[in-house]
There are 2 protein chains.
Amino acid sequence: MKAIVVDVDGTITFIDRSLDCRAVRALRSLSVPVVIATGNVLCSARAISKLVGTSGIVIAENGGVVECNKVEYNTAYMKECEEAFNFLNEHFNFNLEKLDPENRRTEIGLRRNFDVERANLLLQEYPGVEIVDTGFAVHIKSKMINKGTGLKRIAELMGLDAQDFVAIGDSPNDAEMLELSGFGVAVGNAHPELKGIADMVTKGEHGAGVAEAVQYLKEKGEIR
Amino acid sequence: MKAIVVDVDGTITFIDRSLDCRAVRALRSLSVPVVIATGNVLCSARAISKLVGTSGIVIAENGGVVECNKVEYNTAYMKECEEAFNFLNEHFNFNLEKLDPENRRTEIGLRRNFDVERANLLLQEYPGVEIVDTGFAVHIKSKMINKGTGLKRIAELMGLDAQDFVAIGDSPNDAEMLELSGFGVAVGNAHPELKGIADMVTKGEHGAGVAEAVQYLKEKGEIR
C-alpha cells in the first residue's frame, strides 16, 4: 500500500472531537503520505492536517473538496442541496441551522437537532440529494459526492490509484472510501454497517484502533 | 488563577506546527477554562480548540477576533492594513502573498518570503500599522490590536479579569498577553524578548514547557 486515508471525527478523535494522541503517534510513524478525509470544511481540514503532522493533502466536505497542492471544489450539486434545504425549512418548519455556511461550498452542514429520518423521507422530490448523519453533524449532500469520489480524485492528483490506499473510518459515510480503497479498516467503535464491509475491524476504539491497524499492516510489510 | 490562555504555534506545537501531545495532556488535565490564542483565522482556531479538547473559547487573528459563545470581529483597522499592503506591493514590488484572505477579517496574514525589517522601515507613512513575524507567518496588523487586547476582551466576556489568567507563549507577539495576565510563562524555546518579561521561563520546550508550567502551578495550588 502506498498511502493512507483516514477519517477524523470518531476515528482519530474521541466522541468529544478531541484528538486521540495514540492515532497521532501511529500516523506520524509512517513514511507514506497520510490523507485526512473529513466532513469538515477545507479550513478545518487544513488545521487538522497540520496538527496531526500529516502531508497537507486533504479531502473535505465529505468528498466535495480536495486539496493536493491546489484546491478543487465540486460545486456542481450545491444548488440542488440549497433547494432541498429551503424545501425542508419552508414547508416543514425544520428550522435547520447551518454549520460554517460561509466556508462550506459543495454541500450543507447542519446542527444535529432535527429528525433526520423524517427529513430524508420528505426529500423524495429531490432524488439526487441525501441527508447523512455522521454522529457529529448532519449533511445535506449530493448522492454523486462522497469520500469515495474524493478518494478517487485525490489518488489521481497524487499519481496513485484508490486501490493503493489503506482507508480507516468509523461511520457509514466512510463506506464508499473503504470500498474503493485497497484495504478498508473499521475502528472498534465503528457503525455495524461499516464493520460489515471492512477488511479489518480493530479491537481498539478510536486512536487505539488506528494504531492497531497501522501496527498490523507494518508487521505484514504492507505499509511503511 | 481562574483560567489559562495559551498560544498555539511553537507553544503547543513543534516547529513544523504539529501538535505536541504533552501539551494536550497537560491542558486536558485542568478544570479551569483553557483559551486558545492564535494568529490563525477563526475557523482554524475553532478546529484547534476542538482537537486540543479545550473550551471552544478562542482568540484568533492575533486578537482581532474573539469567540466566547458569540463571535466579535474588530474590523476597525482592516482598511489601514489593506492600504499598507497595497503600498508595499505597488511601490516596492514586494509581491506579498496573502494567507487565508477569504477568512481573515481584521488583519493581513502573509507568507514569510520577504524582508520584514525593510518592509517595516518603509511603512513610516502608516504609523498605526506594524509588521510582525511570528516565525510561522508574517502579519500586517494594527498597533491597536494584539493578543493582549484580545485577552482583555475575552476575559470580559467570561466575567473575569485579564489578571485571572495564566498566559503561555513563545513569541514576541505573545508579549502583551503575558504582560496583562496574572502570571506569564515563556516556554524554553521562546524568543529572548518574551523570556525577559515572563514570570516563569520553563526548561522544557514546546509541550514539555506547557506541561512543566501546569505542573508547577498545580503544585503551588495556583490552578486546578
Side-chain angles (χ1 to χ4, degrees), chain A residues 6-30 34 36 38-56 58 60-61 65 67 71 73 98-105 109 111 136-137 206-208 210-211, chain B residues 6-30 34 36 38-56 58 60-61 65 67 71 73 98-105 109 111 136-137 206-208 210-211:
Chain A
V6 63
D7 168 54
V8 177
D9 288 325
T11 302
I12 63 169
T13 78
F14 297 106
I15 297 286
D16 68 357
R17 306 180 86 168
S18 70
L19 198 56
D20 186 338
C21 285
R22 298 171 296 182
V24 174
R25 220 171 296 124
L27 295 173
R28 283 186 195 161
S29 77
L30 292 165
V34 176
I36 293 293
T38 175
N40 274 291
V41 293
L42 178 62
C43 166
S44 303
R46 283 175 174 165
I48 293 163
S49 181
K50 262 179 215 146
L51 289 184
V52 176
T54 46
S55 55
V58 298
E61 296 189 24
V65 184
E67 177 168 39
V71 183
Y73 294 93
K98 285 186 184 177
L99 299 174
D100 308 305
E102 64 286 345
N103 284 314
R104 200 172 285 273
R105 300 203 203 165
R111 198 169 297 286
F136 295 91
H206 307 289
V210 174
Chain B
V6 63
D7 168 53
V8 177
D9 288 325
T11 302
I12 63 168
T13 78
F14 297 107
I15 296 289
D16 68 357
R17 305 180 85 167
S18 70
L19 197 57
D20 186 338
C21 285
R22 297 172 295 183
V24 174
R25 219 171 298 124
L27 295 174
R28 283 188 196 160
S29 77
L30 293 165
V34 176
I36 294 293
T38 175
N40 274 291
V41 293
L42 178 62
C43 168
S44 303
R46 283 175 174 166
I48 292 163
S49 181
K50 264 179 213 146
L51 289 184
V52 175
T54 45
S55 56
V58 298
E61 297 189 23
V65 185
E67 177 170 37
V71 184
Y73 294 94
K98 284 186 184 177
L99 299 175
D100 309 301
E102 64 286 344
N103 285 313
R104 199 172 285 273
R105 301 202 202 165
R111 198 169 297 288
F136 295 91
H206 307 288
V210 174

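By convention in this document, chain letters (A, B, ...) are assigned in the order of the sequence lines, proteins followed by strands, and residues within each chain are numbered from 1.
- Applying the side chain to side chain contact (heavy atoms under 4.5 Å, CB included) rule to B:Ser29 yields the partners B:Val214, B:Lys218; only residues at least two apart in sequence or on another chain are considered.
- Residues of residues 10-19 of chain B having a heavy atom under 4.5 Å from any heavy atom of chain A, listed by number: B:Thr13, B:Phe14, B:Arg17, B:Ser18, B:Leu19.
- Taking CG of B:Asp9 as the reference point, atom CG of A:Leu51 lies at 8.0 Å (rounded to 0.5 Å).
- Scanning for side chain to side chain contact (heavy atoms under 4.5 Å, CB included) contacts around B:Ala137 gives B:Leu99, B:His139, with sequence neighbours left out.
- Annotation: residues 41-50 of chain B contacts chain A through B:Val41, B:Cys43, B:Ser44, B:Arg46, B:Ala47, B:Ile48, B:Lys50 [non-hydrogen atoms, separation under 4.5 Å].
- Within a 6.0 Å radius of CZ in A:Arg28, more than 12 heavy atoms belonging to other residues, nucleotides or ligands are found.
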